[in-house]
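Report on one structure; see the data block that follows.
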Amino acid sequence: MDRWQTIIEPFRIHAVEPIRLTTEAERERALAVAGYNLFNIHADDVLIDLLTDSGTGAMSRDQWAAIQRGDESYAGSPSWFAFRDAVQELFPFTHIIPTHQGRAAEKILYSVVGGPGKVIPNNTHFDTTRANVEFTGAEAVDLVIPEGREPATIHPFKGNVDIAALERLLTERGADVPIVVVTITNNSGGGQPVSLANLHAVREVCDRFGKPLFLDACRFAENAWFIKTREPGQADRSVKEIVREVASLADGMTMSAKKDGLANIGGWLACNDDALAEQCRNLLILTEGFPTYGGLAGRDLEAIAQGLAEVIDEDYLRYRIRSTAYLGDALLAAGIPCVQPFGGHAVYLDARALLPHIPPLEYPGQALAVELYRAGGIRGCEIGTVMFGRHPDGSEAPAAMDLVRLAIPRRTYTQSHVDYVIEVARDLATRSQDLRGYRIVKEPAALRHFTARFDPLR
Ligand SMILES: Cc1ncc(COP(=O)(O)O)c(C=O)c1O
């Protein structure tokens with residue numbers, strides 16, 4: 001198997017989706033109309049769309065076939081039972097509660113367990129998770145290991161929880177902590193995995209302090225692949241066995257099926273606690289729907305059930321993780337500094353290091369993201385001062401890092417697409433000193449990265 005080095009996609013193409021080649025002049029015009037904000041660009045004008053890996057993957061022949069089996073009965077649909085059984089095959093929690101996507105599961109869970117005075121620890125809260133915790137008045141605390149905050153530090157499990165910090169929090173404020181959460185993989189920390197040993201250690205601390213442990217498990221299969229390939233003693237186990245062991249350590253989970261559910265929409269909330277499940281189902285009925293469909297159509301439930309069977313396939317996961325690293329290795333070789341090691345679903349380019357002549361308040365991440373689009377029609381996402389620089393009191397300060405995330409949709413682009421991205425980035429690196437910063441000409445009060453308009457600085 002490992003004799004051949006070429007990464008091949010473990011599938012062949014069955015239905016094609018055209019992508020439109022545009023000229024640099026057309027893209028320049030599109031940028032001007034969009035106010036140099038890539039969220040405002042018409043997706044038809046994007047050649048390689050690496051904005052997110054969420055809900056953007058390609059479904060398989062068998063998922064499309066399963067969609068035809070979708071049963072739209074309001075209550076007790078056979079599609080619900082197929083979904084529930086597929087989830088429980090990997091995550092044998094007592095209660096499975098379908099939702100339309102991950103944040104809907106978060107909204108319900110944190111409405112029940114959160115509230116003023118509460119504090120919720122996580123390795124790193126994803127932005128919707130933090131927002132849903134804080135919306136209830138609770139405090140969201142990030143307790144990732146110190147290596148997880150250092151872009152250039154190599155560590156096999158940079159998503160691990162700082163166990164001593166968790167113990168400290170539970171000793172000092174135990175009464176205020178309703179649940180402990182671990183995000184696998186740690187998206188906000190660069191898609192970095194959490195080890196099985198670390199999850200066992202978190203479980204032990206939770207047991208000692210009598211706290212339930214919940215997983216934010218969006219990329220559980222990618223995390224399991226990292227455990228299999230990086231953690232001593234795990235190489236001979238199947239991904240499914242590893243996933244089930246991870247599940248056995250937790251009391252519940254939230255999930256966005258738009259990632260490792262291999263679906264375009266969907267999610268769920270699961271737990272073992274009967275009283276908690278009842279409170280969550282009551283909220284579900286208010287906001288999502290009846291408990292046998294949540295916010296989903298029967299056909300979506302079928303697509304997720306089939307996706308869960310496919311995502312633990314080891315040929316798929318080997319290809320997935322290797323192709324992300326292939327992109328990262330080539331970018332590093334081209335002289336583009338990146339967050340290391342590469343995570344499962346994305347490569348993060350360090351724009352501040354590549355463009356030291358652009359100060360953070362002139363948005364080096366934005367400059368790099370815009371140039372990737374202008375030069376090659378590639379859409380990434382600025383994760384830096386544009387996204388995090390404006391504070392609620394109106395002040396502006398540089399974010400901790402200025403990154404551009406290239407997120408890889410699942411099973412969507414081929415190796416030649418990735419080679420094209422590498423070629424564009426390599427060319428850009430040779431003329432990085434010519435790139436200029438931006439100024440913001442219009443921005444909303446919050447979440448400005450979605451709608452702000454920019455002008456290039458000359
Ligand atoms: C770690 C993590 N948690 C939660 C979510 C929210 O999921 P959704 O986008 O389905 O609402 C995401 C989505 O990107 C995520 O990466």
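Just so it is clear, the model here is predicted, and its values are computed rather than measured. Indexing begins at 1, ligand by ligand and atom by atom, following the structure's order.
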Considering only non-hydrogen protein atoms, determine which one is nearest to [atom] and report residue, atom name and distance to 0.1 Å.
{"atom": "atom 8 (P) of ligand 1", "answer": "Gln101 NE2, 3.3 Å"}
{"atom": "atom 5 (C) of ligand 1", "answer": "Phe126 CD2, 3.4 Å"}
{"atom": "atom 10 (O) of ligand 1", "answer": "Ser256 OG, 2.7 Å"}
{"atom": "atom 3 (N) of ligand 1", "answer": "Asp216 OD2, 2.8 Å"}
{"atom": "atom 11 (O) of ligand 1", "answer": "Arg103 NE, 2.7 Å"}
{"atom": "atom 4 (C) of ligand 1", "answer": "Glu106 OE2, 3.1 Å"}

Report yes if [X] has an N/O atom closer than 3.5 Å to an N/O atom of ligand 1; otherwise report no.
{"X": "Gly102", "answer": "yes"}
{"X": "Thr185", "answer": "no"}
{"X": "Lys259", "answer": "yes"}

Check your understanding: Roughly how far, to the nearest 0.5 Å, is CD of Gln192 from OG1 of Thr183?
Key -> 13.5 Å
Check your understanding: Measuring from the heavy atoms of Cys218, does anything fall under 4.0 Å of ligand 1?
Key ->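 Distance cut 4.0 Å: Cys218 passes for ligand 1.
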**Study point:** Nearest non-hydrogen partners of Pro398 and Thr385, listed with the distance
**Key:**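 Heavy-atom minimum between the residues: CA-OG1, 3.7 Å.
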**Study point:** Minimum heavy-atom distance Met59-Ile67, with the two atoms named
**Key:** CE-CD1, 3.4 Å
Review point. Considering only heavy atoms of Thr183, which atoms of ligand 1 have at least one such atom less than 4.0 Å away?
Key: 1 (C)
Exercise for review: May I ask you to list the atoms of ligand 1 that are less than 4.0 angstrom from any heavy atom of Thr128?
Suggested key: 4 (C), 5 (C), 6 (C)
Check your understanding: Angle class for the Tyr348/His345 ring planes (parallel below 30°, perpendicular above 60°, tilted otherwise)?
Key -> perpendicular
Practice item. Measure up the Tyr74 and Phe290 rings against each other and bin them: parallel (under 30°), tilted (30 to 60°), perpendicular (over 60°). Key: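 Tilted.
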Review point. Between Gln415 and Tyr326, does any side-chain donor sit less than 3.5 Å from a side-chain acceptor?
Key: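 The criterion, which ignores hydrogens and geometry beyond distance, is satisfied for Tyr326 and Gln415.
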Point to revise | Flag for Glu443-Thr451: side-chain donor and acceptor within less than 3.5 Å | key: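 Their side chains do not contain a donor-acceptor pair, so the 3.5 Å distance test is not met.
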Practice item. Could you tell me whether Glu150 and Lys158 make a salt bridge, using a distance below 4.0 angstrom between a side-chain N and a carboxylate O? Key: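 Lys158 and Glu150: not salt-bridged.
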Point to revise | Donor-acceptor pair, side chain of Arg352 and main chain of Pro360, under 3.5 angstrom | key: no
Revision key, fill the gap. Logged contact type for Lys258 with ligand 1, heavy-atom cut-off 4.0 Å, is side chain
